[in-house]
Amino acid sequence: MSTAKEIEAAILALPPTEREKLVADLPALLPELNGDAKWTGILHDPRPRRALSALGDEIEAQYKANPDQFPEIKDSDFDKRP
């Protein structure tokens, strides 16, 4: 198989059980699908991010000055709203 269209057609032709197996195997086949790997790359990126660092420092200073301004996040804050 040489084109994405051929691969797509082959995937669509698979029985559901084989497609489920493929879905489970895709992160190993395509590491770029692994969100954790992307975050690790971002966290260990050596390039300076002066604006982001300045923003973080500003937020930290605001928190130290008035921690009540930053309410604690609860699990329910992530519940779907109507």
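Distance check: Lys38 NZ to Leu43 CG gives 13.5 Å after rounding to the nearest 0.5 Å.
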Under 3.5 Å, sequence neighbours excluded: what are the donor-acceptor pairs made by side chains of residues 52-67?
from	atom 1	to	atom 2	distance (Å)
Ser53	OG	Arg49	O	3.1
Glu58	OE2	Gln62	NE2	3.4
Asn66	OD1	Asp68	N	3.4

Identify all side-chain donor-acceptor contacts of residues 10-27 below 3.5 Å with residues at least two apart in sequence or on another chain.
from	atom 1	to	atom 2	distance (Å)
Lys21	NZ	Asp25	OD2	3.0

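Partners of Phe78 by side-chain contact (heavy atoms from CB on, under 4.5 Å), not counting sequence neighbours, listed by chain and number: Ile73.
When all heavy atoms of Asp45 and Arg47 are compared, the pair lying nearest together is OD2-NH2, 2.5 Å.
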